[in-house]
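Note: hydrogens, waters and symmetry copies are ignored here, and every other heavy atom, side chains too, is used. Since we're looking at a predicted model, the values are computed, not measured.
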Amino acid sequence: MITAIVLVQTVADRIPETAQTIADLDGVAEVYSCAGDVDLIAVVKVREHEQLADVIAGRLSKVDGVVSTDTHIAFRSYSRADTEGGFAIGTG
């Protein structure tokens with residue numbers, strides 16, 4: 001699975017509608033509204049790199065209210081469960 005984190009700038013008065021439209025797109029796992037330099041963060045999960053162009057450039061960036069996007073491809077995932085599991089090896 002390929003994960004991309006997409007930082008989305010939107011028209012200020014359309015954030016909720018834009019977020020919901022993005023969340024409804026195939027390939028979009030989650031959308032967060034947030035404070036800071038960006039309005040929304042979308043998590044895109046696809047099986048093949050070619051699908052990223054379809055989801056992000058082909059659909060997400062064309063949603064009414066999206067001003068710009070900045071995409072970051074994830075290489076590896078880390079979580080607390082992964083870390084705690086690694087330290088638990090050989091105990092018990």
Side-chain angles (χ1 to χ4, degrees):
M1 186 68 60
I2 300 160
T3 302
I5 294 89
V6 184
L7 310 178
V8 183
Q9 296 286 345
T10 68
V11 175
D13 63 348
R14 293 203 34 84
I15 292 173
E17 296 87 357
T18 303
Q20 188 59 60
T21 301
I22 292 170
D24 291 340
L25 296 174
D26 287 338
V28 175
E30 301 167 296
V31 178
Y32 300 93
S33 62
C34 53
D37 295 336
V38 298
D39 300 309
L40 301 171
I41 298 175
V43 179
V44 175
K45 294 184 181 261
V46 295
R47 294 198 182 279
E48 299 176 5
H49 283 95
E50 294 78 20
Q51 293 173 296
L52 288 174
D54 179 50
V55 174
I56 299 167
R59 292 184 276 140
L60 190 152
S61 67
K62 295 178 181 176
V63 167
D64 189 34
V66 171
V67 174
S68 66
T69 62
D70 183 15
T71 301
H72 301 262
I73 308 297
F75 293 128
R76 188 173 292 155
S77 173
Y78 299 91
S79 71
R80 178 182 294 207
D82 293 340
T83 304
E84 289 173 355
F87 287 111
I89 295 173
T91 61

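- Atoms CD1 and SG, on Ile41 and Cys34 in that order, are 4.0 Å from each other to the nearest 0.5 Å.
- For the pair Val44/Val46, a side-chain contact is recorded, criterion being any heavy-atom separation below 4.5 Å from C-beta on.
- Using a 4.5 Å heavy-atom threshold, the side chains of Val66 and Thr21 count as separate.
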With a 3.5 Å cut-off and sequence neighbours excluded, list the donor-acceptor pairs that the side chains of residues 4-16 form with protein atoms.
residue : atom : partner : partner atom : Å
Gln9    : NE2  : Asp37   : O            : 2.5
Thr10   : OG1  : Asp39   : OD2          : 3.4

Donor-acceptor pairs under 3.5 angstrom involving side-chain atoms of residues 49-65: please list them, not counting sequence neighbours.
residue : atom : partner : partner atom : Å
Gln51   : OE1  : Arg47   : N            : 2.9
Gln51   : OE1  : Glu48   : N            : 2.7
Asp54   : OD2  : Arg59   : NH2          : 3.2
Arg59   : NH1  : Asp26   : O            : 3.4
Arg59   : NH2  : Asp26   : O            : 3.4
Ser61   : OG   : Ile56   : O            : 3.2
Ser61   : OG   : Ala57   : O            : 2.9

